[in-house]
**Q** 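Just passing along the structure, written as structure tokens.
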Amino acid sequence: MLTRKQKVIKRIFDLVLVVVCIVIFIVPTIILVLLASFSTRSFGIFSQKRVGKDSKLFTLYKIKSMRKNVAEHHVTTANDMRVTKFGKFLRRSKLDELPQLYNVLIGDMSFVGPRPDVEGYADELKGEDRIVLSVKPAITGPATIKFADEEIILAEQENPLEYNDTVLWPQKVAINKEYIQNWSLTKDLGYVFETVFGYFK
């Protein structure tokens with residue numbers, strides 16, 4: 001578990017990086033939201049309650065990638081017909097995550113850590129696994145990077161939800177536990193760079 005000093009360092013890192021990113025991405029984000037609004041025929045921002053630090057719920061924001069009146073569920077595969085063509089581009093490039101810079105700015109999220117899940121996952125962890133809830137959920141992290149092609153993996157399964165719950169989810173918990181137990185600012189910087197460079201592969 002992170003010490004008080006480590007949490008302060010992590011928050012300062014988040015604030016410095018998020019200010020820089022907002023300056024760079026504010027205009028592109030507005031343009032993408034407008035394009036998503038046209039693509040989905042509805043307001044281009046999607047919001048959903050997710051489980052945050054200490055099991056507290058918060059509102060997560062993304063650029064909408066699915067058609068109007070269709071909820072975005074926890075498990076979505078690469079061949080999901082609900083996703084628009086523009087939405088597939090957003091998901092593949094991870095640009096749909098840009099509004100989460102606001103979540104980082106207000107303190108609901110961090111840049112690096114476990115991804116925020118819907119209720120029924122992190123909030124139901126038991127014993128030492130609950131260490132995952134001791135940090136803020138994040139935009140990227142070691143588990144996010146390892147399973148960057150998660151939607152493609154799930155699309156190949158006969159039962160995507162069952163595979164996610166019994167195979168992917170336990171692996172993510174183990175990876176996130178190791179991340180928290182061995183946290184360092186240097187590692188956070190490394191995960192940020194690995195995420196950014198991964199977008200250009």
Side-chain angles (χ1 to χ4, degrees), residues 1-29 32 45 47-63 74 93-119 121-150 168-201:
M1 188 175 295
L2 274 64
T3 65
R4 182 181 180 85
K5 181 179 179 181
Q6 288 175 326
K7 289 179 180 179
V8 170
I9 292 172
K10 190 171 175 62
R11 180 57 180 159
I12 292 173
F13 170 72
D14 284 340
L15 287 173
V16 171
L17 188 56
V18 79
V19 169
V20 173
C21 288
I22 287 176
V23 170
I24 296 173
F25 292 111
I26 184 64
V27 173
T29 299
L32 290 172
I45 290 289
S47 63
Q48 186 180 55
K49 290 295 182 182
R50 297 289 178 94
V51 177
K53 184 176 180 293
D54 300 324
S55 290
K56 295 179 180 178
L57 295 179
F58 72 97
T59 303
L60 174 139
Y61 299 97
K62 301 176 83 171
I63 298 177
H74 171 69
S93 63
K94 307 299 183 183
L95 291 173
D96 61 326
E97 312 283 357
L98 282 175
Q100 288 162 46
L101 292 174
Y102 174 72
N103 286 118
V104 175
L105 181 65
I106 64 176
D108 288 333
M109 291 178 63
S110 180
F111 265 99
V112 183
R115 280 296 294 167
D117 272 296
V118 295
E119 292 180 272
Y121 288 88
D123 52 313
E124 294 189 358
L125 291 173
K126 306 296 183 183
E128 64 177 19
D129 288 347
R130 289 188 68 81
I131 192 175
V132 173
L133 293 164
S134 69
V135 298
K136 296 175 183 177
I139 294 176
T140 189
T144 304
I145 292 170
K146 179 174 181 178
F147 297 110
D149 296 327
E150 179 177 338
L168 297 187
W169 174 242
Q171 291 185 54
K172 291 177 183 178
V173 172
I175 292 170
N176 288 325
K177 284 172 60 180
E178 194 280 333
Y179 161 76
I180 296 167
Q181 292 165 346
N182 299 282
W183 180 86
S184 74
L185 181 59
T186 301
K187 288 183 179 180
D188 271 14
L189 283 166
Y191 291 130
V192 169
F193 280 116
E194 189 173 353
T195 299
V196 172
F197 289 127
Y199 290 163
F200 298 100
K201 288 182 180 179

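Predicted model, so just to flag it, every value in this text is computed and none were measured.
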**Q** Taking the side chain from D14 and the backbone from F111, do they hold a donor-acceptor pair closer than 3.5 Å?
**A**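 Yes.
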**Q** Mind checking whether V16 and V19 have side chains closer than 4.5 Å, heavy atoms only?
**A**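 In short, these two side chains do not touch, never coming nearer than 4.5 Å.
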**Q** Verify whether one side chain among T59 and K49 offers a donor that lies under 3.5 Å from an acceptor in the other.
**A** yes
**Q** Answer whether the closest heavy-atom distance between the side chains of T140 and K94 falls below 4.5 Å.
**A**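 No. Closest side-chain heavy atoms not under 4.5 Å.
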**Q** To the nearest 0.5 angstrom, please state how far the NZ atom of K146 sits from the CD atom of E194.
**A** 12.5 Å
**Q** Counting only heavy atoms not in Y102, do more than 12 sit closer than 6.0 Å to its OH atom?
**A** no
**Q** Which value, rounded to the nearest 0.5 Å, describes the distance between I22 atom CD1 and L17 atom CG?
**A** 10.0 Å
**Q** Should T144 and T195 count as side-chain neighbours, where that means a heavy-atom distance under 4.5 Å?
**A**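 Contact flag for T144/T195 side chains = no.
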**Q** Rounded to the nearest 0.5 Å, how far does OG of S110 lie from CG of L15?
**A** 9.5 Å
**Q** Indicate yes or no: does K172 engage E150 in a salt bridge with an N to O separation below 4.0 Å.
**A**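 Yes, this pair counts.
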**Q** Determine yes or no for a side-chain-to-main-chain donor-acceptor pair under 3.5 angstrom, with Y179 supplying the side chain and V112 the backbone.
**A** yes
**Q** Mind checking the NZ-OG spacing from K10 to S184? Nearest 0.5 Å is all I need.
**A**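 K10 NZ to S184 OG: 9.5 Å, rounded to 0.5 Å.
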**Q** Rounded at 0.5 Å granularity, tell me how far OG1 in T29 sits from CG in L98.
**A** 4.0 Å
**Q** Before you tell me yes or no, could you show the steps for V51 and V118 under side chain to side chain contact (heavy atoms under 4.5 Å, CB included), namely the whole-Å CA-CA distance, both residues' side-chain angles and the distance that decides it to 0.1 Å?
**A** CA-CA 6 Å; V51 177; V118 295; over 6 Å; no
**Q** What closest approach, in Å, do R115 and L60 show between heavy atoms, and which atom pair accounts for it?
**A** NH2-CD1, 4.4 Å
**Q** Would you say that K177 contacts V132 through its side chain, given a criterion of any heavy-atom pair below 4.5 Å between the two side chains?
**A** yes
**Q** Are the side chains of E178 and I175 in touch, meaning some heavy atoms are under 4.5 Å apart?
**A** no
**Q** Which heavy atom in V104 sits nearest to a heavy atom in R11, and how many Å separate them?
**A** O-NH1, 2.7 Å
**Q** Please test K62 against Q48 for side chain to side chain contact (heavy atoms under 4.5 Å, CB included), starting from the C-alpha separation and ending with a verdict.
**A** CA-CA 9 Å; K62 301 176 83 171; Q48 186 180 55; over 6 Å; no
**Q** Is any side-chain heavy atom of I63 closer than 4.5 Å to a side-chain heavy atom of P99?
**A**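 Sidechains of P99 and I63: in contact.
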**Q** If I compare all heavy atoms of M109 with all of I139, which pair ends up nearest, and what's the gap?
**A**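 Smallest heavy-atom distance, with atoms named: CE-N, 3.7 Å.
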**Q** Could you tell me the separation between the CD atom of Q6 and the CE atom of M1, rounded to the nearest 0.5 Å?
**A** 11.5 Å
**Q** Do you know which two heavy atoms are closest between L133 and G52, and how far apart they sit?
**A** CD2-O, 3.7 Å
**Q** Looking just at side-chain N and O atoms, do D123 and S55 make a donor-acceptor pair shorter than 3.5 Å?
**A**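 No, S55 and D123 have no side-chain donor paired with an acceptor closer than 3.5 Å.
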**Q** For residues R50 and P137, determine if any side-chain heavy atom of one lies less than 4.5 Å from a side-chain heavy atom of the other.
**A**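 No, every pair of side-chain atoms sits at 4.5 Å or beyond.
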**Q** Would you check if V135 and P114 make a side-chain contact, meaning some heavy-atom pair closer than 4.5 Å?
**A** yes
**Q** What verdict does the side chain to side chain contact (heavy atoms under 4.5 Å, CB included) test give for W183 and D188, after you've listed the backbone C-alpha separation in whole Å, the side-chain angles of each residue and the deciding distance to 0.1 Å?
**A** CA-CA 8 Å; W183 180 86; D188 271 14; 3.0 Å; yes
